[in-house]
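Before any comments, here is the structure.
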Amino acid sequence: MRHAIHNQIMQVIHDMRYARYLLPLLLLPVACRQGPPSSPPSPAAAEAASLSATEERIRDAVRARYDSSVDLLRRAVNIPSGTGNLVGVRKVGDLFSAELAALGFETKWVSMPDSMRRAGHLVAVHPGTRGPRLLLIGHLDTVYEGAGQEWVQEDTVAKGAGTSDMKGGDVAMILALRALADAGQLREMHITVVMTGDEESTGRPLSIGRAALIDAANQSDLALAFEGGSATRVAIGRRGSSSWRLAVSARQAHSSGIFSTGSGYGAAYEGVRILDEFRRTMVGERGLTFNVGLLAAGANVSVDTGGVMRVDGKGNIIPPVFRASGDLRFLTEEQKESARARMRTIVLRPLAGAEGTISFDDSYPAMPVTPDGERLLEIFDGASRSLGYPSVGTSAPESRGAGDVSFVAPLIPGIDGLGVDGSGAHSPRELVYLPSLRMSAERAAVFMSRLVDRWPRKGEETVTRE
Ligand SMILES: [Zn+2]
């Protein structure tokens, strides 16, 4: 394992992204030697070009607390908290809850009913009267846990479950809040932190599982989510996802009669016709995908509550049953509804002797790119450049899966990907580039302090938005 880590570190050293985290430090002496620019910069560039004295204090506070934050992350990673480990998830929640309480947050644990088999969520509120009410989103659970998933640090790379997805993002969030407090900026800000306990495998029903998050969004103006990020990309749009299930029934008969008027085409041909028509008529629309994950046809098909299919039949029986299921991902709710309508129409034109039904289940709503989202990105990009980090753009909504921020997207503008940079998320090889923890916290803290002056609170729309 040490050898594997060593290889990863060598890779990182050769990774251009790594240099970006060090850029501000490397550029400091150069910046000090530089004279005034030869031509006056545009107002936007001037805004981005420098930090105010307060912002410099915020940045320095992040740097001063960086080492202790790495230690907090180490402790968090060493608490196993796979989604199904209810005790572990709660322990990570307690660890972060204590950090937030020390900053003046009122914290509480929101439990889930036993039947959902989920630990619950940490909710922490810091009441204040200045600026927009911010909702900061994290999660406590990980995909993997157990043997081989403990914290192993070599130099500036740390491996382990949750290092980047997303205990690293949670710690960056806490570090940013600490820095704001150290610089005297947190006192009047209104911030709600929600760290869910089941982001990686969301508890059902969603109406209960995401109620706390949606409540918090209803009392906030903006959502900032700390899922894994990179130096140059954040997300202001994410696709929504839902699932579909197709069931076809047909007359069972001797195979010799297939295609005849009496026997019809059977369930298998009808099911395949439907899926093929989905593909032929709907593939290619930007942002829309519909994967077939499972299918079966035969004399008997059973589907258990976990979605597992069992099938039996014979080659000489025209199959009476066909079942298929999959997902549907979309950029907007309109696109989702339009796709569903087309799928239903296709199902309603069956081959002779068969008949099908399709049903849909909502999961994550779409988070479309909006002008508010673009304005958030602009302010975040300015904060990044003022700190000496690279300019920040967006990743295409179709390039990311859905996340917890999607649930609040129908209610308030949001931005995601403010967390740390790493690799191997959702695999046993997860790791984090530790300098990105400092970058993430510096950018988030300066971003939040700028939002105080540049974003109105609901009902107080008089603040200038330029
Ligand atoms: Zn995550």
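His139 and Asp165 share a side-chain donor-acceptor pair at under 3.5 Å. Counting only N and O atoms by type, the side chains of Asp327 and Ser241 include no donor and acceptor under 3.5 Å apart. At a cut-off of 3.5 Å, with distance as the only test, no side-chain donor of Lys108 or Ser97 sits close to an acceptor on the other residue. In summary, the side chains of Arg375 and Thr370 do not present any donor paired with an acceptor at a separation below 3.5 Å, with no hydrogens or angles considered. Remark: the Thr202 side chain and the Tyr364 side chain contain an N/O donor-acceptor pair separated by less than 3.5 Å. Side-chain atoms of Thr345 and Arg349 include no donor-acceptor pair closer than 3.5 Å.
Here the CG-CG distance, from Leu95 to Leu72, works out to 5.0 Å after rounding to the nearest 0.5 Å. Taken to the nearest 0.5 Å, the OG atom of Ser440 stands 15.5 Å off from the OH atom of Tyr433. Atom CZ in Arg204 sits 4.0 Å away from atom CG in Leu206 (nearest 0.5 Å). Atom CZ in Phe330 sits 5.0 Å away from atom NZ in Lys336 (nearest 0.5 Å). One finds the CD atom of Glu199 at 8.5 Å from the CZ atom of Phe407 (value rounded to the nearest 0.5 Å). For the atom pair Ser260 OG and Ile318 CD1, the distance stands at 6.5 Å (nearest 0.5 Å).
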### Stepwise side-chain hydrogen bond (donor to acceptor under 3.5 Å, both in side chains) check, Thr196 with Asp404
CA-CA 8 Å; Thr196 59; Asp404 268 341; 2.7 Å; yes
### Task
Check the pair Val446, Arg450 against side chain to side chain contact (heavy atoms under 4.5 Å, CB included), reporting the backbone distance first and the verdict last.
CA-CA 6 Å; Val446 170; Arg450 288 187 180 184; 3.7 Å; yes
### Task
Would you sort out whether Lys458 and Ser220 count as a side-chain hydrogen bond (donor to acceptor under 3.5 Å, both in side chains), showing the intermediate values?
CA-CA 8 Å; Lys458 255 176 236 160; Ser220 301; over 6 Å; no
#### Entry: Stepwise side chain to side chain contact (heavy atoms under 4.5 Å, CB included) check, Leu246 with Leu295
CA-CA 9 Å; Leu246 174 64; Leu295 65 80; over 6 Å; no
### Query
salt bridge (Lys or Arg N to Asp or Glu O under 4.0 Å) between Arg279 and Asp276: does it pass, once the steps are laid out?
CA-CA 5 Å; Arg279 180 186 63 79; Asp276 191 48; 2.8 Å; yes
### Query
How far apart are the C-alpha atoms of Ser164 and Val420, what are their side-chain angles, what is the distance that settles it, and do they pass the side chain to side chain contact (heavy atoms under 4.5 Å, CB included) test?
CA-CA 6 Å; Ser164 54; Val420 295; 4.1 Å; yes
### Task
Could you check Phe226 against Val193 for side chain to side chain contact (heavy atoms under 4.5 Å, CB included), going step by step and ending with a plain yes or no?
CA-CA 11 Å; Phe226 285 74; Val193 172; over 6 Å; no
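Closest of all the heavy-atom pairs between Ile191 and Phe105 is O-CE2, 3.6 Å. Closest approach of Gly88 to Ile79, counting heavy atoms only: O-CG2, 3.7 Å. The shortest non-hydrogen separation linking Leu122 to Gly93 is CD2-O, 3.6 Å. For the pair Ala124 and Leu100, the tightest heavy-atom approach, listed with the atom from each and the gap, is CB-CD1, 3.8 Å. Shortest non-hydrogen contact noted between Thr357 and Val347 is N-CG1, 3.9 Å. Counting all heavy atoms, side chain and backbone alike, Ala158 lies closest to Trp151 at CB-CH2, 3.4 Å.
The pair Arg238-Glu227 fails the salt-bridge criterion, with no side-chain N (NZ, NE, NH1 or NH2) lying under 4.0 Å from an Asp/Glu carboxylate O. Under a 4.0 Å N-O distance rule, the pair Asp215/Arg210 does not qualify as a salt bridge.
Looking at Arg323, its side chain never comes within 3.5 Å of a backbone N or O of Arg245 through a donor-acceptor pair. For Asp421 (side chain) and Gly228 (main-chain N/O), no donor-acceptor pair under 3.5 Å exists by modelled atom type. A donor-acceptor pair is defined here as one N or O able to donate and one able to accept, closer than 3.5 Å; such a pair exists between the side chain of His126 and the backbone of Met189. Distance alone, capped at 3.5 Å, places no donor-acceptor pair between the Glu337 side chain and the Glu333 backbone. Remark: the backbone N or O of Val405 is not paired with any side-chain donor or acceptor of Asp416 at under 3.5 angstrom. In this structure a side-chain-to-backbone donor-acceptor pair under 3.5 Å is present from Thr281 to Glu277. Listed for the Ser406 side chain is no donor-acceptor partner under 3.5 Å among the backbone atoms of Ala402. Remark: the backbone N or O of Thr83 is not paired with any side-chain donor or acceptor of Asp198 at under 3.5 angstrom. Side chain of Ser386 to backbone of Gly382: a donor-acceptor contact under 3.5 angstrom is found. Arg233 places no side-chain N or O within donor-acceptor distance of the main-chain N or O of Gly229, the cut-off being under 3.5 Å.
Checked against the 6.0 Å centroid criterion, the rings of Phe322 and Tyr269 do not qualify as a close aromatic pair.
In this structure, the side chains of Met448 and Leu136 come closer than 4.5 Å at one or more pairs of heavy atoms. Inter-residue side-chain proximity for Val248 and Glu355 is flagged as unmet; no heavy-atom pair is nearer than 4.5 Å. Annotation: side chain of Glu150 is not in contact with side chain of Pro80 (no heavy-atom distance under 4.5 Å). A heavy-atom distance below 4.5 Å is not found between the side chains of Arg443 and Arg385. Annotation: side chain of Val171 is in contact with side chain of Ser69 (closest heavy-atom distance under 4.5 Å). A heavy-atom distance below 4.5 Å is not found between the side chains of Leu134 and Asp221. Between His190 and Thr192, the closest side-chain pair of non-hydrogen atoms falls below 4.5 Å. A heavy-atom distance below 4.5 Å is found between the side chains of Ile214 and Leu411.
Residue-environment remark: CZ (Arg75) exceeds the threshold of 12 foreign heavy atoms within 6.0 Å. More than 12 heavy-atom neighbours from other residues, nucleotides or ligands sit within 6.0 angstrom of CZ on Phe278. Within a 6.0 Å sphere centred on CG of Asn316, heavy atoms belonging to other residues, nucleotides or ligands number more than 12.
With Thr289 as the fixed residue, the side-chain hydrogen bond (donor to acceptor under 3.5 Å, both in side chains) test singles out one of Arg239, Glu398, Arg329: Arg239.
Aromatic ring pairs are classed by plane angle as parallel below 30°, tilted from 30° to 60° and perpendicular above 60°; the pair Phe259 and Tyr265 is tilted.
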